Amino acid sequence: SIVMIVASGIVSYFQQTRTYTDHSQKTIRSAGSYLESLILANSEEFSEYQKYYIEHYNDVHIPIDFDEYISAKQVFVELFSERYPGKMLGENISVEDMDEETQQAWFTYMHEYWLLTFEAAREVFEMPYSYYLVMDDETYTVMYMIDGERIESEEYPGTIYLGDSHYNDPVENEVEWLTYATGQKQDAFREWNNEWGHTYAYYVPVVINGVVMGLIGTEVSLDSVNKAVLSNTIQEAVILGGILVIFLFIMLLILHKLYISKVRALVDGVQEYTQTKDVSVAEKLRKNAKGNSEVAIAIENTALMMEELEDHMNEIARKESELSKTREYASDISRRMYVDPLTGVGSAAAYGKKAGELNYKIDHGEAVFSLIMLDVNNLKYVNDTYGHDRGNEYIKGCCQIMKDTGRQIYRVGGDEFVMFLEDEESQKAQEVVDSMKSVYKVRAIDQTLQPWERYSTAIGFAEYSAELDYSVADV
């Protein structure tokens with residue numbers, strides 16, 4: 001019996017090790033692919049962020065203890081709006097065109113956003129480490145651009161240490177360099193055994209416009225896997241040992257109906273649980289677990305195993321729920337990027353995305369649209385005379401008249417808005433413009449209204465021409 005228990009435990013250990021390892025490897029693959037999808041969804045912005053990081057990481061000092069990025073974003077938005085009114089980042093002004101202070105505000109916002117994103121993925125996928133590497137295949141050095149472990153700068157206490165670089169031997173780190181060189185995910189892992197623990201690392205290349213920008217690294221702890229496997233193997237060995245002892249005892253007292261009935265109850269209970277997965281079966285089993293016999297102990301252990309399995313399944317469901325909430329959170333973040341917070345219409349980023357779609361149609365000869373542009377009049381007068389709160393009310397009121405047309409509106413500047421009419425709708429541009437002008441005209445001369453309620457805009461429109469226009473910007 002002892003030999004059987006030991007042999008079964010050894011077989012179970014290796015089987016579970018393989019199962020747990022496969023599961024863990026799938027987890028870090030999924031985590032890497034998830035982070036890759038987020039980066040590729042914002043590829044142009046991420047490219048600018050990486051370029052600025054490489055060139056200026058020594059010039060920026062980001063606090064180490066931030067736990068949200070909205071504040072940094074607001075600082076950048078206010079600074080950008082103040083210094084570059086009417087401009088749209090990525091459309092008619094680039095990161096390089098901004099002054100140093102605005103660039104650093106933008107970079108701080110971007111780094112906090114991506115670092116929090118990598119940290120959130122590490123929490124959800126229960127990984128010890130996640131990071132983004134910038135590779136140099138001439139010197140075989142790697143820079144931890146997004147480091148899942150925040151390291152405090154010795155030179156500037158209280159800030160994050162940026163630009164952490166190391167030499168990675170190409171022979172010892174073959175998987176890492178092969179992934180970078182080919183730009184393809186490898187069906188292999190890098191095994192680490194260092195101060196971070198004993199881990200498997202998986203690398204996902206980030207390819208933007210055909211260029212391998214860097215690698216996403218995700219790791220899983222082999223120590224935790226081995227610990228879980230060993231614990232499960234011991235539990236299985238204990239249960240198996242109890243069952244074998246019960247069978248031996250039954251063989252000695254085969255005529256004793258008390259034991260036979262308890263064994264039958266145990267078998268029936270296990271079969272019922274297998275078919276129904278109803279944890280209340282455990283309580284039914286306990287009714288036959290009176291006394292201190294080996295059979296009673298085995299029944300109690302089986303009931304406990306059922307309850308523990310139920311707890312484990314509930315925990316899995318909870319983790320799935322948390323992952324779903326994280327995905328919803330990421331989706332909400334993405335949605336906010338495309339909504340103007342003041343007016344609720346499409347943001348400049350949303351306009352850029354829409355313009356990109358129309359440019360694609362222009363390139364393929366499929367574009368049919370008109371563009372209406374509106375410029376809010378008298379905004380400076382309202383702001384200077386009645387304050388910015390009234391100015392915001394004035395902007396929202398002007399925008400509401402645009403929204404009442406039922407079309408998608410984009411706020412492309414502080415007081416500038418754009419509306420697209422596509423396909424058959426494109427012929428209605430004059431009608432829509434005339435309708436809005438009449439509403440604005442009535443509001444503008446209504447002396448019963450407050451000055452900030454007398455809405456006025458300058459409106460113009462143009463229709464796309466395949467002979468004259470090569471992009472939305474031309475229209």
Side-chain angles (χ1 to χ4, degrees), residues 34-35 37-50 52-53 56-57 59-85 87-91 93 95 98-124 130-132 145-150 152 158-160 162 322-353 388-389 391-393 395-396 399 410-414:
Y34 168 69
L35 291 170
S37 68
L38 294 181
I39 292 175
L40 294 182
N42 302 274
S43 58
E44 293 186 6
E45 191 175 53
F46 190 86
S47 297
E48 289 289 339
Y49 160 56
Q50 178 170 324
Y52 188 89
Y53 186 110
H56 300 281
Y57 66 84
D59 304 326
V60 184
H61 310 298
I62 300 175
I64 195 169
D65 57 352
F66 66 87
D67 57 8
E68 50 84 22
Y69 71 91
I70 299 300
S71 300
K73 178 182 179 181
Q74 187 64 31
V75 170
F76 163 67
V77 170
E78 292 177 357
L79 192 61
F80 182 86
S81 299
E82 175 187 341
R83 299 188 178 180
Y84 306 99
K87 297 290 185 179
M88 291 180 294
L89 184 60
E91 289 295 324
I93 186 173
V95 174
M98 297 187 297
D99 59 55
E100 182 178 355
E101 184 180 0
T102 308
Q103 287 180 352
Q104 290 188 0
W106 172 82
F107 174 74
T108 299
Y109 149 54
M110 292 302 301
H111 190 69
E112 289 186 4
Y113 168 77
W114 283 112
L115 182 55
L116 287 171
T117 298
F118 271 66
E119 290 176 345
R122 183 184 65 191
E123 295 280 340
V124 170
S130 60
Y131 44 86
Y132 178 80
M145 183 174 123
I146 303 174
D147 196 341
E149 291 292 332
R150 302 187 191 186
E152 185 172 6
T159 65
I160 297 177
L162 300 178
E322 290 178 356
L323 180 58
S324 176
K325 290 179 180 178
T326 300
R327 288 172 177 164
E328 290 175 2
Y329 174 70
S331 175
D332 183 56
I333 290 175
S334 178
R335 181 187 65 79
R336 290 181 185 179
M337 290 178 61
Y338 293 108
V339 176
D340 177 58
L342 176 63
T343 63
V345 301
S347 66
Y351 168 81
K353 181 180 179 182
H388 285 275
D389 288 342
N392 287 340
E393 291 182 25
I395 292 173
K396 290 192 287 186
C399 184
Y410 301 92
R411 186 182 182 191
V412 298

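From a predicted model like this one, the values you see are computed outputs, not experimental measurements.
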Inter-residue atom distance [X].[atom1] - [Y].[atom2], 0.5 Å rounding:
{"X": "Asp99", "Y": "Thr102", "atom1": "CG", "atom2": "OG1", "value": "3.5 Å"}
{"X": "Leu116", "Y": "Glu68", "atom1": "CG", "atom2": "CD", "value": "8.0 Å"}
{"X": "Cys399", "Y": "Asn392", "atom1": "SG", "atom2": "CG", "value": "12.0 Å"}
{"X": "Arg150", "Y": "Thr159", "atom1": "CZ", "atom2": "OG1", "value": "12.0 Å"}
{"X": "Ile62", "Y": "Leu115", "atom1": "CD1", "atom2": "CG", "value": "8.5 Å"}
{"X": "Leu342", "Y": "Ser347", "atom1": "CG", "atom2": "OG", "value": "12.5 Å"}

Less than 4.5 Å apart, any side-chain heavy atom of [X] and any of [Y]?
{"X": "Met110", "Y": "Tyr52", "result": "no"}
{"X": "Phe76", "Y": "Thr108", "result": "no"}
{"X": "Glu45", "Y": "Leu89", "result": "no"}
{"X": "Ile93", "Y": "Tyr84", "result": "yes"}
{"X": "Arg83", "Y": "Met98", "result": "no"}
{"X": "Val345", "Y": "Asp340", "result": "yes"}
{"X": "Phe107", "Y": "Val95", "result": "no"}

Full working for side chain to side chain contact (heavy atoms under 4.5 Å, CB included) between His61 and Ile160: CA-CA 7 Å; His61 310 298; Ile160 297 177; over 6 Å; no
Can you name the closest pair of heavy atoms from [X] and [Y] and give their distance?
{"X": "Tyr49", "Y": "His111", "result": "OH-ND1, 2.7 Å"}
{"X": "Lys87", "Y": "Phe80", "result": "O-CE2, 3.4 Å"}
{"X": "Ala105", "Y": "Leu79", "result": "CB-CD2, 4.1 Å"}

Ser81 side chain vs Glu78 backbone, donor-acceptor pair below 3.5 Å: no
Any donor-acceptor N/O pair, Glu152 side chain to Gly158 backbone, under 3.5 Å: yes
Side chain to side chain contact (heavy atoms under 4.5 Å, CB included) between Tyr109 and Ile70, intermediate numbers included: CA-CA 8 Å; Tyr109 149 54; Ile70 299 300; over 6 Å; no
Aromatic ring pairing Phe118/Trp114, orientation class (parallel under 30°, perpendicular over 60°, tilted between): perpendicular
Carboxylate-amine/guanidinium proximity below 4.0 Å for Arg122 and Glu149: yes
Trace of the side chain to side chain contact (heavy atoms under 4.5 Å, CB included) decision for Leu162 with Tyr53: CA-CA 9 Å; Leu162 300 178; Tyr53 186 110; 3.7 Å; yes
Distance flag, aromatic centroids of Tyr132 and Phe46, threshold under 6.0 Å: yes
Derivation and outcome, salt bridge (charged side-chain N to carboxylate O under 4.0 Å, His left out), residues Glu112 and Lys73: CA-CA 9 Å; Glu112 289 186 4; Lys73 178 182 179 181; over 6 Å; no
Working for side chain to side chain contact (heavy atoms under 4.5 Å, CB included), residues Tyr69 and Thr117: CA-CA 10 Å; Tyr69 71 91; Thr117 298; over 6 Å; no
